[in-house]
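Notes for the one structure printed next.
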Amino acid sequence: MTTISVMLAVPDAAAASDWYQRALGATELWNLGSVIGLELDGAPFFLAEPANNGWESPAVLGSTTARIEVFTDDPDAVAESAAAAGANYHDPVRNHEMPWGPHRQGGFFDPYGHLWLVGDRSPLQRHR
């Protein structure tokens, strides 16, 4: 089995872990202080405080360099929960017509500058 995950650069891993738990319902898997493992409905992701090791947080860079895409049964609830916890909900979940059929998706920036898109069907599946 292969798993691809993301590690998000944050200035304060403990505060970020708390936010992701409150806002998205994430669960902390382990905590090494400056590096924390979380999961969201079984999907693992990590937080880390950059330490002059070749990467940096969006706040320091002035832009995000990747987007995190989450596919869930209820994208509206995930995005609304993030917004209620202080995310910049700039792109409300709405219907999009895709080659494989209707797709609900929207997006928000978390307080650390990471762009999250939340949708109901993964375009990573084969569609014919």
How far apart are the C-alpha atoms of V70 and L117, what are their side-chain angles, what is the distance that settles it, and do they pass the side chain to side chain contact (heavy atoms under 4.5 Å, CB included) test? CA-CA 6 Å; V70 177; L117 295 182; over 6 Å; no
Check: W116 ring centre within less than 6.0 Å of Y20 ring centre: yes
Can you tell me how far apart CD (E28) and CD (Q21) are? Round to the nearest 0.5 Å. 5.0 Å
Test ring pair (Phe, Tyr, Trp, His ring centres under 6.0 Å) applied to H90 - qualifying residues, sequence neighbours left out: F109
P50 versus A48, closest heavy-atom pair with distance: CD-O, 3.4 Å
To the nearest 0.5 Å, what is the distance between CD1 (I36) and CG (D18)? 10.0 Å
Within the supplied structure, the quantity of interest is the number of heavy atoms (other residues, nucleotides, ligands) at a distance under 6.0 Å from D41 CG; does it exceed 12? no
Using modelled atom types and a 3.5 Å cut-off, is there a donor and acceptor pairing between side-chain atoms of H114 and backbone atoms of A9? yes
Is the backbone N or O of P102 less than 3.5 Å from a side-chain atom of H96, with the two atoms forming a donor-acceptor pair by type? no
Between L40 and V93, is there shared hydrophobic-cluster membership here, with clusters defined by ILVMFWY side-chain heavy atoms closer than 4.5 Å? yes
E49 side chain to A13 main-chain N or O, any donor-acceptor pair under 3.5 Å? yes
For the atom pair OG1 (T64) and CG (L8), what is the distance rounded to the nearest 0.5 Å? 8.5 Å
same_hphob_cluster(L32, W55) at 4.5 Å side-chain heavy-atom cutoff: yes
For side chain to side chain contact (heavy atoms under 4.5 Å, CB included), just list the numbers for V118 and F71, CA-CA rounded to whole Å, side-chain angles, deciding distance to a tenth of an Å, and then say yes or no. CA-CA 6 Å; V118 184; F71 300 97; over 6 Å; no
Worked verdict on S57 versus Y112 for side chain to side chain contact (heavy atoms under 4.5 Å, CB included): CA-CA 7 Å; S57 70; Y112 309 97; over 6 Å; no
Can you find a heavy atom in the side chain of V78 that is under 4.5 Å from one in the side chain of L24? yes
To the nearest 0.5 Å, how far apart are CE in M98 and CG in N95? 12.0 Å
Test side chain to side chain contact (heavy atoms under 4.5 Å, CB included) on L29 and L38 and set out the steps. CA-CA 5 Å; L29 300 172; L38 299 166; 5.7 Å; no
Quick one, V6 and F46 - any side-chain contact, counting heavy atoms below 4.5 Å? no
Using a 6.0 Å cut-off, check whether atom CG of D73 has over 12 heavy atoms from anything other than its own residue. no
The reported gap from CZ in F108 to OG in S81 (rounded to nearest 0.5 angstrom) is 8.5 Å
Please check: side-chain N/O of W19 versus main-chain N/O of A85, any donor-acceptor pairing under 3.5 Å? yes
When you compare the side chain of Q105 with that of D120, does any pair of heavy atoms fall below 4.5 Å? no
Can you tell me how far CE of M7 sits from CG of L47, rounded to the nearest 0.5 angstrom? 8.5 Å
